[in-house]
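Please read the structure below before turning to the comments.
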Amino acid sequence: MTRTLLLPALIAVALSGPAQSGSADAGNRGGASAKSVDAAAARDFVARINDEYRASYPELSSAQWIASTYINGDSQLVAAKANERNLAWLNQTNEAAKVFASVPGIDAASARTLGLLKLQTAMPAPSDAARRSELAAIAARMEALYGSGKHCGDPGNEATCRDLGELSDVLYKDRDWDAQLDAWRGWHTISRPMRRDYVRFVELVNEGSRELGFANGGEMWRAGYDMSPAEFEAETDRLWDQVKPLYESLHCHVRHALGTRYGDRMPEDGTIPAHVTGNMWAQDWSALYPLVEPYPGVTSLDVDAAIEASGMDATAMTRRAEDFYTSLGMPALPASFYQRSQFTKPADREVVCHASAWDMDMQGDVRIKMCIKPNEEEFRTIYHELGHIYYYLAYNALPPLFQNGAHDGFHEAIGDTVMLSLTPSYLSSIGLVPAAAENPQATLNEQMKLALEKVVFLPFGKLIDQWRWAVFDGRIKPERYNDGWWQLRRQYQGISAEGRTEEDFDPGAKYHVPGNTPYTRYFLAHILQFQFHKALCDAAGHTGPLHTCSVYGNKAAGEKFWAMLQRGNSQPWQLTLRELTGTGQMDASAILDYFAPLKTWLDEQNAGRDCGWR
Ligand code: X8Z
Ligand code: ZN
């Protein structure tokens, strides 16, 4: 589970921070009278909150873990209560911290810790106990509703019910228009009942954020990047402008291929219907690779088939991913990781299948929670989750409030950076696919496949929080939630859906909305991972184009990577980025360089086509 809003998936993001019990003097924490407020008192206060945080953290993690791996009313109640205690502790501690805000001579680490204290949860609660309790209950309910979501063709008949995994399989494997539409619409019914809760959730988080001195919840989320919220927003726009032409070229080509496939069922406005992209949220179009493979037959990139044929089970797949990290010189995972993780979907109960990585106690009890199936997407997701796990292990030695990513995009980028080393030669070296010769046609096939995952994701990664920021600051009002959502989907992704109304609450059909996980982190990660990859490849002495580099087995790259992980959030991320890459700015040139061959090819293909959407 995550310890702050900066961490990954976990509900816990919503609920992070320590569950505090037995501390009656919280309102007067630090015993700070006007006289005793000096640098030494601030240091004592910081030491104390770090201790309290560490001491109460395991109980909250356990409550959250149980709520995610045994969804029922009891686990929900216990998780909500644990979260409520944690949020109360944060209310009280932040209040007590105010006297230290401008202590002369305060040391840098203490000052940083006090700043981070305000950012310890993505759902700051009102200090009013009843409203805090209401918020915690809503958060637990939305998460459980998503986790147990099912669509039943015939509501009275259990046999006709399908969960997210089953509905997603239809989208991934079945190119039939109507079957896909049915699966897509089915899943999007599960979030209708969340709308009322979400409206209230936004009100309560805004109230909690205002108490901390932020204008609203969105501004609070944008405050965690060692720059002002306004500067951060401008940064995300700058990065999006850098990559937009690449996305638009890919959109045009895929739209063309879908037009060939579905003819006049495609909308005339140039958008792509969400339900034919092969993915429930149209955030990854890998399923469409066979439709757009540049040079059919030149390469065998069917890793799905290879994994199936390999007979690897979930544990074997995880061991394989672990082997990559240990090949870099990182430690083996503890035995408890294999004993306590949830690798596959239990048959006898509801669980939250959305993949996540958990640090249970800040001292080595790390776990992943997944519903692994033997396919390529899941195989890659394991590498992603282990990135979080190795970050936890690397920074466990730091004070608790520094145990986080340099920013949350770093946390999401670690495993993905490793994934960029899963080149065809790596995959053949581990016996998954036959060895293949490098040639320009093979390169274009590989690039297309990866772009359908990585480039396609970019606008999606940006728009989720464009929506939530506008919801938090009131530009999108509750009666326009769905309409505002689809405007952004169209604007950024060029995706559309017919017949959506305000009866629907389509944002709630994406895990991170009911789970309250900020999402800009993934957008940033998709840019950063290419910067990281380039730096590691340089450290490894790689020459030649970036897309041919795999750092598998390279200790020099591993050492640099590990050194970055060990920094956690103990200093501004710009310094940490500079230590790894030599620059303190996030920058999309690495991803653009990486995909340069594909961009050239796409633009040739698109010549004379009517690109873009209205
Ligand atoms: O949620 C995740 C990870 C857990 S942090 C599986 N991801 C985002 C998503 O699935 O929407 C990874 C990529 C984007
Ligand atoms: Zn993640």
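FYI, the numbering just counts along the sequence from 1. We use all heavy atoms of the structure for the numbers below, so side chains are in, but hydrogens, waters and symmetry mates are not. Whatever order the structure lists them in is the order used to number ligands and atoms, beginning at 1.
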Under 4.0 Å to a heavy atom of Glu385 - the qualifying atoms of ligand 1, by number: 3 (C), 4 (C), 6 (C)
Enumerate the atoms of ligand 1 whose separation from the nearest heavy atom of Gln283 is less than 4.0 angstrom. 9 (C), 10 (O), 11 (O)
Determine the interplanar angle of the Tyr481 and Phe505 rings, folded into 0 to 90°, and report it as parallel if under 30°, tilted if 30 to 60°, perpendicular if over 60°. tilted
His188 and His151: aromatic ring centres closer than 6.0 Å? no
Atom name in Glu412, limited to N/O/S, at shortest distance from the Zn ion (ligand 2): OE1
Polar atom proximity, Ser356 to ligand 1 (N or O, under 3.5 Å): no
Is Lys345 paired with Glu350 through a side-chain N to carboxylate O contact shorter than 4.0 Å? no
Flag the pair Arg468 and Asp465 as a salt bridge only when some basic side-chain nitrogen lies within less than 4.0 angstrom of an acidic carboxylate oxygen. yes
Do NZ/NE/NH1/NH2 and the carboxylate oxygens of Glu377 and Arg380 come within less than 4.0 Å? no
Short list, please: which atoms of ligand 1 are under 4.0 Å from a heavy atom of Phe457? 14 (C)
Could you list the atoms of ligand 1 found under 4.0 angstrom from a heavy atom of Lys510? 9 (C), 10 (O), 11 (O)
Would you mind checking if Glu376 and Lys449 are paired as a salt bridge, meaning a charged N to carboxylate O distance below 4.0 Å? yes
Show me which atoms of ligand 1 lie under 4.0 Å from any heavy atom of Glu412. 5 (S)
Please determine if Arg349 forms a cation-pi arrangement with Tyr70, meaning its NZ or CZ atom is less than 6.0 Å from the six-membered ring centre and no more than 45° off the ring axis. yes
Decide whether an N or O pair under 3.5 Å exists between Thr381 and ligand 1. no
Which of the numbered atoms in ligand 1 are under 4.0 angstrom from any heavy atom belonging to Ala355? 4 (C), 6 (C)
So if I apply the side-chain contact (heavy atoms from CB on, under 4.5 Å) rule between Phe460 and each of Tyr519, Phe523, Tyr522, which one comes out positive? Tyr519
Step through the shown structure and confirm whether more than 12 heavy atoms of other residues, nucleotides or ligands are within 6.0 Å of CD on Glu308. no
From the options Trp281, Tyr511, Tyr519, Tyr522, select the one whose nearest heavy atom is closest to atom 9 (C) of ligand 1. Tyr519
Report yes or no: does His388 have an N/O/S atom closer than 2.8 Å to the Zn ion (ligand 2)? yes
Restricting to N/O/S atoms, is Glu385 within less than 2.8 Å of the Zn ion (ligand 2) or not? no
For His388, the ligand 1 atoms whose distance to one of its heavy atoms is below 4.0 Å: 5 (S)
